[in-house]
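Encoded as structure tokens, the structure appears first; notes follow it.
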Amino acid sequence: MLHVNLIIAKDPAEVGKLAADIFQDIVNAKPDCVLGLATGSTPLPLYRELIEREKAGKINFSQVRSANLDEYKGLSGDHPQSYRYFMQENLFNHISIDPANTIVPDGLAEDADAMCAAYERKIEAMGGVDIQLLGIGHDGHIGFNEPCDHFPVTTHEVELEEITREANKRFFNSIDEVPTAAYTMGIGTVMAARKVLLLATGKDKAEIVKQSFFGPVTPMVPASILQFHGNVTVIVDEAAASLIK
Ligand code: F6R
């Protein structure tokens, strides 16, 4: 039996629209809700859709709060490849959200452990995440929780796998510039969200989508843990669904 609500959309644009419908319902029902947000290519159609919908008066972000999944270690928020910068450029600068109500792990933290612990407390103080948006890495990572022998619980520092640095080097001048470490919410942080929405698009995600939701739950495929969350929606395009029968 499939333990997640799986929706197959035609293409990335339709994935973005269907995801935006879910966000719209949550924000309209709870105007000061807490959105758990992700970076990467996959959420871009969703973010574009949300910007358009606020312009059209269908959604209002003025009271919304947000907590991002992760950030590169060593990059400041104004570095063009930092995840804080990505969020400003692709969403926050174009909607009415108050920047003071958005949190992203601090890539320049001097005391990494203290910053991570404080990040968890900030999410708790916000009342927890209402909907956590996720992409998925080719190795099954969610946030920067890479395959390993256990499920890390809380926000922590991680060394990045070569496959992840390779996948992300397209945004940098060369692989040498891709940070070797990052901060990420833990699997426990993600699992504590009241709802999880995972998006995957493209043929290159088909194999990991199959492994994550139709295979065994294992920390070697971090996203597979979502099978144990009671309220998960997975929206994939036809290409990413191509290995699911
Ligand atoms: C981003 C994140 C990552 C990405 C994943 C997929 O904040 O946490 O887990 O969601 O690497 O990235 P894209 O969407 O670029 O394929």
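Bear in mind the structure is a predicted one, so any value in this text is a computation, not a measurement. Count residues from 1 along the sequence. Counting starts at 1 for both ligands and their atoms, following the listed order.
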Run the contact test for R170 against ligand 1 with a 4.0 Å cut-off on heavy atoms, strictly below, and give the result.
-> yes
Closest non-hydrogen protein atom to atom 11 (O) of ligand 1, residue and atom name please, with distance?
-> H141 NE2, 2.7 Å
Short N/O distance, under 3.5 Å, between P43 and ligand 1?
-> no
Report the part of I136 in contact with ligand 1, treating N, CA, C, O as backbone and CB onward as side chain, heavy atoms under 4.0 Å; options are side chain, backbone, both, neither.
-> backbone
Where is the nearest protein heavy atom to atom 10 (O) of ligand 1: which residue, which atom, and how far?
-> G135 CA, 3.3 Å
Give the residue, atom name and distance (to 0.1 Å) of the protein heavy atom nearest atom 3 (C) of ligand 1.
-> G143 O, 3.6 Å
Applying side-chain contact (heavy atoms from CB on, under 4.5 Å), run through E52 and R48 and close with a yes or a no.
-> CA-CA 6 Å; E52 289 309 312; R48 283 195 285 270; 5.7 Å; no
Can you tell me the protein heavy atom closest to atom 14 (O) of ligand 1 and the distance?
-> T42 OG1, 2.4 Å
Test: K73 and E157 ion pair at under 4.0 Å = yes
K195 side chain to T233 side chain, donor-acceptor N/O pair below 3.5 angstrom | yes
Heteroatom distance test (D70, ligand 1): nitrogen or oxygen, under 3.5 angstrom | yes
What is the nearest protein non-hydrogen atom to atom 1 (C) of ligand 1, stated with its residue, atom name and distance?
-> T39 OG1, 3.1 Å
In terms of side-chain heavy atoms, does T39 have a donor or acceptor partner in R84 at a distance below 3.5 Å?
-> no
Are the charged groups of D176 and K169 less than 4.0 angstrom apart, N to O?
-> no
Could you list which atoms of ligand 1 come closer than 4.0 Å to a heavy atom of G40?
-> 14 (O), 15 (O)
Note the single closest protein heavy atom to atom 15 (O) of ligand 1, along with its residue, its atom name and the distance in Å.
-> S41 N, 2.9 Å
Identify whether the distance between the nearest side-chain nitrogen and carboxylate oxygen of E124 and R121 falls below 4.0 Å.
-> no
Let me see the working for L197 and F23 under side-chain contact (heavy atoms from CB on, under 4.5 Å), right down to the final yes or no.
-> CA-CA 9 Å; L197 175 62; F23 267 62; 3.7 Å; yes
May I ask you to decide if the ring planes of H79 and F172 are parallel, tilted or perpendicular, using 30° and 60° as cut-offs?
-> tilted
Among Y85, F144, Y183, F86, which one satisfies ring pair (Phe, Tyr, Trp, His ring centres under 6.0 Å) with Y72?
-> F144
Tell me which part of L69 gets within contact of ligand 1: side chain, backbone, both or neither, using heavy atoms under 4.0 Å.
-> side chain
Would you call K205 a ligand 1 contact, heavy-atom distance under 4.0 Å?
-> yes
